[in-house]
Asker: 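First, the structure itself, so that you have it in front of you.
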2 protein chains.
Amino acid sequence: MRLLPALALALAAPAVAQDAPEPPTPTSVVAAAPASDWRPIEPANLLVMDLAPDREGKPRRVVIQLMPPPFSEGWVENVRTLAKAHWWDGTSVYRVVDNWVAQWGDGEDDEAKAKPLPEGLRVVPESEYTVADSLDERQARFAAMMARVLEVQGQGKTIGFISNPWLDSYADEVGFDQGWPIASGNDSRWPTHCYGSVGVARDLSPDTGTGAELYAVIGHAPRQLDRNIAVVGRVIEGIEHLSTLPRGKGDAGAYDDPALRVPIVSVRLGNEVPEFPQPVFEYLASDSASFAEYVRVRANRSDPFYKVPAGGIDVCNVQVPIRRVPSE
Amino acid sequence: MRLLPALALALAAPAVAQDAPEPPTPTSVVAAAPASDWRPIEPANLLVMDLAPDREGKPRRVVIQLMPPPFSEGWVENVRTLAKAHWWDGTSVYRVVDNWVAQWGDGEDDEAKAKPLPEGLRVVPESEYTVADSLDERQARFAAMMARVLEVQGQGKTIGFISNPWLDSYADEVGFDQGWPIASGNDSRWPTHCYGSVGVARDLSPDTGTGAELYAVIGHAPRQLDRNIAVVGRVIEGIEHLSTLPRGKGDAGAYDDPALRVPIVSVRLGNEVPEFPQPVFEYLASDSASFAEYVRVRANRSDPFYKVPAGGIDVCNVQVPIRRVPSE
């Protein structure tokens, strides 16, 4: 069942203030967010992947934030085990498909030739693609989200109807948890596949993938993968080092010539990277009033470029604000 | 108002056939579509853009299909005028932003230095971002679409509920017209911005852009641009020559070093390209039963890789099948 549209439509916004000087933009909302609305991303929850330098010798670093509990925990633990074992060092990005994914790891289909995996990896069951949920919990989350929306409206900031970003073709509801786009329906909830999402490549059933072969989404959100593949993270910096790679011409978009593979020099957890001694990144808390206002402004763009506000937004187009921690 | 969800939900599908051998896939549905369900794309409705060869000397050709009437007609006419004048020859791709757009044309902000435009370009009013529509027309389109869905169901092909791909955060309804994703609401309808869409870059109001500066979407569908920018086409081949370009580091993602600009050798209408003497491409007619089945199967993936069908799909994820005309 869908909880949201009727309630959302019932929320008429106050009239436009007569003396409103400048309409808010997503950028201005983020800039005005108080420090208390930002949350640190701990280095231990980052994966730092260094590709071989590009043709000009420039470094190519991709920073991935790992998915927090309770989502995809078994696979995330495997990813940590692989990173601690330095397993990805010397592997490569071996598959790049336009409007789809860039994929890395060993990339060896022949098991006899495959790189041995470290000990301690779990076989994670399909059931962990989702997390148990209940109608009571869904209603409680919705009530909390609407309270934040009302708080924003109470400050007289809104123009027009509050947007309903939670309308979705793939799930009963969508929303945000700990800064991540999450979908829910019936008795479960699960992470969504958006641009930049990092997932666990796998073969057919019953294999759910170890976490050794990973991909990042470099196109329109492939939401049909939700609940079919584990999302273990998202690229928060350097995705252009993946999205600009040449597209593969071999089977399923793999590079047909091994020489085209892009060497991975190293993959480390953020707390093992010398220059990441403390939180380097932070995200705008999705349970903050600033975030509610950010979503509303993104769904109802009123800065001078826009002539018609959309009045809505899809969950993958929200793009949770993540930034480097400002220096003091 | 939304016309669709209640009716769509009322359509329960027949039970799964006991002897169904292989579940259909998007690929199998397209392969099985009869020739009569394909429509030619006339060369006169193509824009063929040749970039300078890449570092290995390989050609880089981008083929764009122009938007058909009644959408964006004034701008499309300008694009034809510019192509016939060979105006883009010697210009460049000068702006590339990750998960956003690749943009080309003159790229000169200083009007005194700008390349003179050909005669005969129209100034197109904002009102042409949309086309007049009415509730009667919307209902008639919906009835025709549902008739095709019922036809597919009558052939016993469906498994599970028919998908409702028309649920959308940005418009009252979405659907397809002449093979293009189109949105509608109240008294108008308009083309949508999806991956690969080509639009007319512009400055602030009241400028709506001439069509000389164009961009292609290379990321998640930026639907907030719908009704704010004219969509004049879509890339149907060679988008990787745009999506893999280095991202710009200058203002708004422009290349800060002019040497990074990617030269455009020529842009021609398809009927002026010697090797395009007849229709080279065709699309799966969006008013065919094959297309209805294609959408349903994409929304309810049941091939072995998928464990949970999504039960829905967003309009930009449908990806209308377009192919080179098979040789006889």
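Residue numbering restarts at 1 for every chain, and letters A, B, ... go by the order of the sequence lines.
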Asker: Counting only heavy atoms closer than 4.5 Å, note whether Y195(B) contacts chain A via side chain, backbone, both or neither.
Answerer: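 Just the side chain, heavy atoms under 4.5 Å.
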
Asker: So what's closer than 4.5 Å to chain A heavy atoms on R202(B): side chain, backbone, both or neither?
Answerer: both

Asker: Quick one: of L204(B), N317(B), V217(B), who has the most non-hydrogen atom pairs under 4.5 Å with chain A?
Answerer: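 If we count pairs closer than 4.5 Å to chain A, N317(B) comes out on top.
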
Asker: Judged by modelled atom types alone, do D226(A) and T192(A) share a side-chain donor-acceptor pair under 3.5 Å?
Answerer: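 Absent: no donor and acceptor within the cut-off.
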
Asker: Can a donor-acceptor pair be found between the side chains of Q224(A) and R301(B) at a distance below 3.5 Å?
Answerer: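 No, no side-chain donor-acceptor contact under 3.5 Å.
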
Asker: What residue, out of S243(A), A310(A), C194(A), P222(A), has the most heavy-atom pairs lying under 4.5 Å from chain B?
Answerer: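 Greatest number of close heavy-atom pairs with chain B: S243(A).
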
Asker: Does any donor atom in the side chain of E213(B) or Y94(B) lie under 3.5 Å from an acceptor atom in the other side chain?
Answerer: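 Side-chain D/A pair, E213(B) to Y94(B): present.
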
Asker: Can you see whether Y170(B) engages D314(B) through a side-chain donor-acceptor pair at a distance of less than 3.5 angstrom?
Answerer: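 Looking only at side-chain atoms, D314(B) and Y170(B) do not form any donor-acceptor pair under 3.5 Å.
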
Asker: Does any part of the side chain of E237(B), heavy atoms only, come nearer than 4.5 Å to the side chain of V235(B), both counted from C-beta?
Answerer: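 They are not in side-chain contact.
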
Asker: Of all of P304(B), A221(B), G219(B), which one pairs up most often with chain A through heavy atoms under 4.5 Å apart?
Answerer: A221(B)

Asker: Heavy atoms only, distances under 4.5 angstrom: which of R223(A), R247(A), E240(A) has the most pairs with chain B? Name it, please.
Answerer: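 When all of R223(A), R247(A), E240(A) are compared, R247(A) has the most.
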
Asker: Quick check on the interface: out of V96(A), V308(A), I218(A), who has the most heavy-atom pairs with chain B under 4.5 Å?
Answerer: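 Option with the greatest count: V308(A).
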
Asker: Surrounding CG of D251(A) (heavy atoms of other residues, nucleotides or ligands, distance under 6.0 Å), is the total greater than 12?
Answerer: no

Asker: Distance check, rounded to the nearest 0.5 Å: I64(B) atom CD1 versus I236(B) atom CD1?
Answerer: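 It is 9.5 Å, given to the nearest 0.5 Å.
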
Asker: Could you look at D54(B) and say if it's the side chain, the backbone, both or neither that has a heavy atom under 4.5 Å from chain A?
Answerer: neither

Asker: Name the option with the most non-hydrogen atom pairs under 4.5 Å to chain A; the candidates are D203(B), N228(B), L245(B).
Answerer: N228(B)

